[in-house]
Amino acid sequence: MTGGDRVSLHASLGERLVFEKGSPGRRGSDIPAADFPRRELSELIDADLVRASIDDMPSLAESEVVRHFTRLSDWNYHVDLGLYPLGSCTMKYNPKVNEKIARLDGFARLHPYLPDDLVQGALEVQKRLEECLAEITGMDRVTLQPAAGAHGELTGLMMVRAYHESRGRGRRSILVPDSAHGTNPASARIAGYEAVHVPSNANGTLDLDALDRLANRDVAGIMITNPNTLGIFEGEIARIAERMHAIGALVYMDGANMNAMMGVARPGDFGVDVLHLNLHKTFSTPHGGGGPGAGPVAVRDNLAPFLPSPVIERGRDGRCRLEGERPQSIGRVKAFHGQFGMHCRALAYILACGPDGLREASETAVLNAAYVRSKLEGAYHLAYAAPTLHEAVFSDRFQAAHGVHVLDIAKRLIDYGFHPPTIAFPLVVRGAIMIEPTETESREELDAFIDAMLKIARECETDPERVRSAPHATRIGRVDEAAAARKPVLRWRPPSTAD
Ligand SMILES: *Cc1c(COP(=O)(O)O)cnc(C)c1O
């Protein structure tokens, strides 16, 4: 398939479509008459929550509803359609068997208030997942409560805070390298700390001299992404950890990039005290689209007393129980037990891969990124020469000379049938193009992407206007992204009331 063919189907279907659908009286189902007295309903639900009539809802036949949603699902580029090279996001393919497992009745239909005795299977899934994640990261304990990476960061920093306070001395700041993910300084602030930036050196890694200048006894810890957002492994991480520990500070590792080193290196072995993982990145659970994520946090024993409550403890008889009596805990950070469906998927993925499979996944992810990097080097400016792991960061420097910028390149890629890579991030690279192919792509898919990127690089020289005015093959051209962010239309309204 060529790039053009990949999208033309969508474009031609798009022309036939309007969003407002239906015709009065058309029906997809017959709702049986209520078999309870009407007045009971009004006693149960406040009057202002009850609709007087549903006549303003669209009326559609079943076939129209199915086609409508099937088309909508197709308008959105997704990882089941092709390569999704968003750097720092690890958009890998999610094996469908994990979906089946999460949907087993015994998992999907459990009530969260059931007593421990009746949910031993579910607790066993969570406990085993905790044990697997502790093993993979080289840490002692894990909480599965946080619902996203950023939520894990906040949870981890709340534990850091509780740790310092328990030792009688709250501290003021968290050191955050300038190559950090944007959520890091935000989490530090929300946890009540000042985020102090540490500059990178010319190799794209943390500057140790700058670290030494900033390290003092007001520092609660450092938040370091490893491999960092340039895809570069922080080779001095053990020394960084030593220096932090020497001033009584802790090391938080943003482990969202764990896909680069599963089975190869363990953060617990190089001095990390606390880290989060993104199950929706590394451990192959669905990612994006508004669905739930999961950001488990792993800690060393020094932070274990502060873990969110309840924790899952395994008794001598092998049975698991939820333990809530923990005086030093930071408390609950999520309703019920976290995103249980994600835990089922992640454990299924880990068990199916096994230790060798996880290692192979990381090695292949790194190999694929190195392949893309070597093929695009020369056509695109490589931001840093240092070797990279699971992603490669280019810039638009060569193309900017022809008046074409990173956003144009991203939009033009859509014409070739690919989701664009992450752009304009990390901030330390001007005009950044951050490509993370992941391990789940075939050689053919990688080659098709490389081919598209090389064609675009040539177009920037021969026909820059074509790139600047892209996309050409989509139903909608360039949208006003600022307006979409500031005045989002998040809800359908009947045409009569839409403003
Ligand atoms: C994705 C990511 C995060 C945030 O994870 P969310 O689940 O989106 O909150 C944090 N740090 C890094 C390095 C990431 O790549």
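One-based numbering along the sequence shown. Numbering of ligands and ligand atoms starts at 1, following listing order.
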With His390 via ring-ring contact (aromatic ring centres under 6.0 Å, His included) - residues at least two apart: none
Are Arg161 and Tyr193 in a cation-pi setup, meaning NZ or CZ lies under 6.0 angstrom from the ring centre and within 45 degrees of the ring axis? yes
Salt bridge (Lys or Arg N to Asp or Glu O under 4.0 Å) assessment of Arg478 paired with Asp408: CA-CA 10 Å; Arg478 293 209 187 183; Asp408 309 316; 3.0 Å; yes
For a salt bridge (Lys or Arg N to Asp or Glu O under 4.0 Å) check, start with the C-alpha distance between Lys127 and Glu130, then their side-chain angles and the critical distance, and finish with the verdict. CA-CA 5 Å; Lys127 191 69 192 164; Glu130 287 181 10; 3.5 Å; yes
Got a sec, which residues hit ring-ring contact (aromatic ring centres under 6.0 Å, His included) with His405, two or more places apart in sequence or on another chain? none
Looking at residues at least two apart in the chain, or sitting in another chain, which of them share a ring-ring contact (aromatic ring centres under 6.0 Å, His included) with Tyr93? none
Within the heavy-atom cut-off of under 4.0 Å, ligand 1 is lined by Ser88, Ala148, Gly149, Ala150, Glu153, His181, Thr183, Thr225, Asp254, Ala256, Asn278, His280, Lys281
